[in-house]
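So that the names make sense, note that chain A is the first sequence line, chain B the second, and so on, each numbered from 1.
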Amino acid sequence: MSQAVLILGATSAIARATAAAFARQGYALYLASRDVDELRRIAADLQLRYGVEVRHGVFDAEATATHEAFFQSVVKAMPALHGMVLAFGFLGDQMAARDFKLGEKIIAANFTGAASILSHCANYFEPLKRGFIIGISSVAGDRGRQSNYVYGAAKGALSLYLQGLRNRLFASGVRVITIKPGFVDTAMTYGLPGLFLVASPQDIGARIVRSLDKPADVVYLPWFWRYIMLIIRHIPEPVFKRLKL
Amino acid sequence: MVTKVAPISGWGRYPVEPCELERPERYADLRPFEGGLIVRGQGRSYGDASLNENGRVLLTERVNRLLELDAEKGILRAEAGVTLAEALDVIVPKGWFLPVTPGTKFVSLGGCVAADVHGKNHHCDGSFGDHVLEMEMILADGRRMLCSPAEKPALFWATVGGMGLTGIIGEVALKLTPVQSGHMMVRHHSADNLEQLFQLLEDPATDDRYTVAWLDSLATGQHLGRGIAMFGHHASREELPSGMESSSKPKRSHSIPFDFPAFALNSLSIGAFNALYYSREGRKREPFLSGYDPYFYPLDAIGNWNRLYGKRGFMQYQCVIPGSAAFEGIKTVLEKLSGSRRPSFLAVLKRFGAQGKGLLSFPMAGYTLALDLPIRDEGLFDLLAELDKVVLKHGGRVYLAKDARLSAESFRAMYPRYNDWLKIKKAADPKNIFSSNLSRRLKIAEEAA
Ligand SMILES: Cc1cc2nc3c(=O)[nH]c(=O)nc-3n(C[C@H](O)[C@H](O)[C@H](O)COP(=O)(O)OP(=O)(O)OC[C@H]3O[C@@H](n4cnc5c(N)ncnc54)[C@H](O)[C@@H]3O)c2cc1C
Ligand SMILES: NC(=O)c1ccc[n+]([C@@H]2O[C@H](COP(=O)([O-])OP(=O)(O)OC[C@H]3O[C@@H](n4cnc5c(N)ncnc54)[C@H](OP(=O)(O)O)[C@@H]3O)[C@@H](O)[C@H]2O)c1
């Protein structure tokens with residue numbers, strides 16, 4: 001039986017490309033998100049193109065009470081589950097900073113929901129002493145900026161959570177990788193002003209899968225974002241707070 | 001949905017218009033927009049068919065999932081944004097091929113239906129629409145509707161060749177052609193003039209499933225219309241040398257990274273190329289094997305080759321002239337062209353089979369000629385208007401998928417089934433929501449020109 005990967009937020013363009021890159025290597029897939037019709041389409045497509053087994057099921061990051069049962073159903077469907085990619089995320093808009101109702105959703109989708117499903121996943125892989133967890137965070141989580149700090153805070157929290165999880169699972173040989181993409185050309189960013197150095201989802205997806213063959217724990221994609229963020233993180237706060245970012 | 005304003009063009013890079021681009025990633029987001037829209041697949045039509053100046057353009061490039069392949073019956077169901085290249089990757093290893101393919105595989109299924117594209121096998125297999133078993137459309141009022149030759153046939157045949165003006169094509173079910181290998185068995189015959197070339201294309205003894213002729217558009221006088229007729233079919237297992245794998249791997253492609261200066265392609269360089277090509281290719285009389293990629297898609301090996309024509313872009317003029325008038329008509333067109341000293345880099349002649357049921361479809365029994373002409377000055381428009389007259393006089397028509405300049409009057413004279421089409425368009429889209437630069441130029445939603 002081929003090893004299987006669970007992809008959460010599988011309807012995202014980055015996730016679709018990541019799933020394709022795994023399928024090309026022969027991995028079976030389990031795709032999950034809230035949109036069943038889309039999952040069915042993407043599953044059929046990946047199956048046809050790469051000839052691997054692809055299953056799908058509904059997953060809502062915000063409905064944390066359902067996560068345990070969801071994860072069990074995945075393990076039941078895919079006994080050879082070997083890894084998971086956490087790709088779901090929600091950018092929301094500027095108003096979220098002023099209206100906590102909106103902000104709460106961003107935190108729930110990007111962080112609380114992620115922490116919940118990650119705990120089930122980690123508990124499963126830890127005793128097996130194998131497997132990998134790839135979490136897609138964001139460069140936005142590296143420093144708070146007035147334009148999207150609610151999203152940034154949630155992604156920053158996710159990065160920190162993944163860091164802790166990596167520390168915990170190291171002893172069991174479970175790989176935890178944090179992916180921090182810069183701008184990627186997806187539905188999340190399409191038509192937004194002020195984008196630069198925009199990467200294609202295909203490129204990012206292929207690199208996410210390749211990160212498993214490399215030693216780095218925190219991967220900026222494409223690589224130059226590591227240096228851009230290095231600079232941004234080192235701007236002294238008295239200066240940074242005056243910038244319009 | 002968030003949109004992005006950007007200048008876009010067809011493959012000929014003329015005209016260029018600012019459009020409001022919407023790029024759904026989910027099937028459910030393929031929806032009409034109240035304020036009017038046109039769908040765009042891969043933007044490989046040459047002129048203004050997929051443009052909507054200062055209006056909405058719905059991109060299908062991300063709605064490109066293969067949904068089902070019945071490997072027994074050879075039926076592929078897929079979303080309209082799937083390209084022929086993506087389909088081929090999956091079907092060829094399973095022993096199937098596209099029933100009809102244009103000269104590039106970087107086109108979408110939706111675009112192939114909407115233009116009812118033809119291939120080198122039109123005289124044997126008809127056009128793309130003849131092989132569509134069923135499609136799901138999203139209409140002007142947002143309703144989804146299945147249509148096929150049996151179910152809603154009027155809408156079906158108005159959409160096949162309808163240039164995106166009847167609704168959004170969402171999914172397509174296509175009947176494939178069985179093949180025993182990914183290779184083609186090819187023969188070339190050279191002809192010294194147009195008459196010989198016509199004879200070669202008409203002769204049942206030399207005919208094959210795929211035929212096309214390349215013309216030296218600069219040859220004049222007694223050599224007018226000299227060229228090479230190319231014949232081919234899918235190689236059978238027996239025709240492959242032993243040990244040869246049955247699918248052919250595409251080569252890596254190169255890309256034109258910048259606009260060539262417009263003078264790069266002039267009479268001299270094209271003349272030199274043509275003479276060379278003519279003598280080299282004309283010698284391949286013995287049948288030879290070719291991968292399907294170089295055979296069907298030689299130009300795809302060079303990405304963005306449209307940039308060779310320089311910044312101002314180019315036009316492809318493709319006309320068809322029916323029946324017995326074809327020889328005289330094509331000859332007159334070639335004479336006018338060589339008289340104008342406007343070199344055409346690409347000149348392709350092909351025999352068509354019978355006209356299909358698509359009400360605005362281009363093919364009709366006769367001969368079709370396609371010419372690539374760089375835009376250097378306004379004079380080109382005058383020349384093409386003159387060619388329109390020749391085509392009309394001989395009862396022919398011009399291909400809308402390649403067009404950027406035909407007049408509304410000529411369009412009506414060339415497409416006699418247009419009135420039938422308009423009735424269906426008005427019933428399906430009474431507010432004319434599906435509208436493009438092409439449709440407005442041809443005044444297509446209006447009774448009279
Ligand atoms: C190198 C080259 C060679 C070619 N060779 C041939 C050939 O041999 N034979 C031939 O017939 N054509 C040929 N063509 C033309 C090409 O096949 C057609 O123009 C085809 O329609 C392009 O498909 P597209 O996806 O790029 O469509 P676009 O150019 O994006 O759109 C073309 C038309 O289709 C409509 N459309 C696209 N998708 C949809 C949809 N989902 N729903 C409704 N309407 C839609 C658009 O509104 C527009 O009117 C060639 C083009 C090139 C560049
Ligand atoms: N695009 C960028 O520039 C960029 C940059 C850095 C990081 N990222 C991150 O990359 C990941 C993929 O993003 P994308 O750009 O491809 O965005 P996208 O197209 O907007 O995809 C977001 C995905 O998240 C899922 N999702 C959202 N809320 C959910 C919820 N409550 N429960 C379950 N699934 C939910 C969506 O699935 P359904 O709607 O089907 O449920 C969808 O698959 C995200 O984590 C994003 O934050 C993106």
Which portion of E79(B) sits near chain A, non-hydrogen atoms under 4.5 angstrom
side chain
What part of V2(B) is in contact with chain A, defined as an atom under 4.5 angstrom from a non-hydrogen atom: side chain, backbone, both or neither?
both
Contact leader toward chain B among D45(A), I42(A), D35(A), where contacts are heavy-atom pairs under 4.5 Å:
D45(A)
Spell out the residues in residues 5-13 of chain A that have some non-hydrogen atom less than 4.5 Å away from a non-hydrogen atom of chain B, in order of number; otherwise answer 'none'.
T11(A), A13(A)
Where along residues 3-11 of chain B does a heavy atom come under 4.5 Å of chain A, listed by residue number?
T3(B), K4(B)
Test side-chain contact (heavy atoms from CB on, under 4.5 Å) on T60(B) and V39(B); report intermediate values, then the result.
CA-CA 7 Å; T60(B) 62; V39(B) 183; 3.4 Å; yes
Taking the side chain as every heavy atom from C-beta outward, state whether F88(A) and I117(A) have any pair of such atoms under 4.5 Å apart.
yes
Compute the ring centroids of F224(A) and F183(A), then answer whether they are less than 6.0 Å apart.
no
Just wondering, do Y292(B) and V179(B) contact through their side chains at under 4.5 Å, heavy atoms?
no
Heavy-atom side-chain contact between V82(B) and L76(B) under 4.5 Å:
no
Side chain from CB out, backbone as N, CA, C, O: work out which of these in E20(B) comes under 4.5 Å of a heavy atom of chain A, or both, or neither.
neither
Identify whether the distance between the nearest side-chain nitrogen and carboxylate oxygen of R49(A) and D89(B) falls below 4.0 Å.
no
For the pair D99(A) and K101(A), find out whether any cationic side-chain nitrogen is under 4.0 Å from an anionic carboxylate oxygen.
no
Does the cation-pi check pass for R55(A) over Y30(A), that is, NZ or CZ under 6.0 Å from the six-membered ring centre and within 45° of its axis?
no
Quick check: do D60(A) and T66(A) have side-chain heavy atoms less than 4.5 Å from each other?
no
Contact winner vs chain B - E38(A), R16(A), R41(A), heavy-atom pairs under 4.5 Å:
R41(A)
Best-contacting candidate, L192(A), T186(A), D37(A), against chain B by heavy atom pairs under 4.5 angstrom
T186(A)
Structural part of P201(A) lying under 4.5 Å from a heavy atom of chain B:
side chain
Can you name the residues of residues 75-85 of chain A that have some heavy atom under 4.5 Å away from a heavy atom in chain B?
none
Across all chains, not counting sequence neighbours, the ring pair (Phe, Tyr, Trp, His ring centres under 6.0 Å) partners of F70(A) are F59(A)
Starting from the C-alpha separation in whole Å, work towards a yes-or-no answer on side-chain contact (heavy atoms from CB on, under 4.5 Å) for T177(B) and W96(B).
CA-CA 6 Å; T177(B) 294; W96(B) 296 98; 5.7 Å; no
Taking the six-membered ring for Trp, are F296(B) and F97(B) closer than 6.0 Å centroid to centroid?
yes
Answer yes or no: is there an ion pair linking K105(B) with D300(B), defined by an N-O contact shorter than 4.0 Å?
no
Is it true that the side chains of S116(A) and T64(A) contain a donor and an acceptor less than 3.5 Å apart?
no
Side chain proximity check, L133(B) to S148(B), heavy atoms < 4.5 angstrom
no
If I measure from the heavy atoms of chain A, does D29(B) come under 4.5 Å with its side chain, its backbone, both, or neither?
neither
Would you please indicate if the ring centroids of Y297(B) and W305(B) are separated by under 6.0 Å?
no
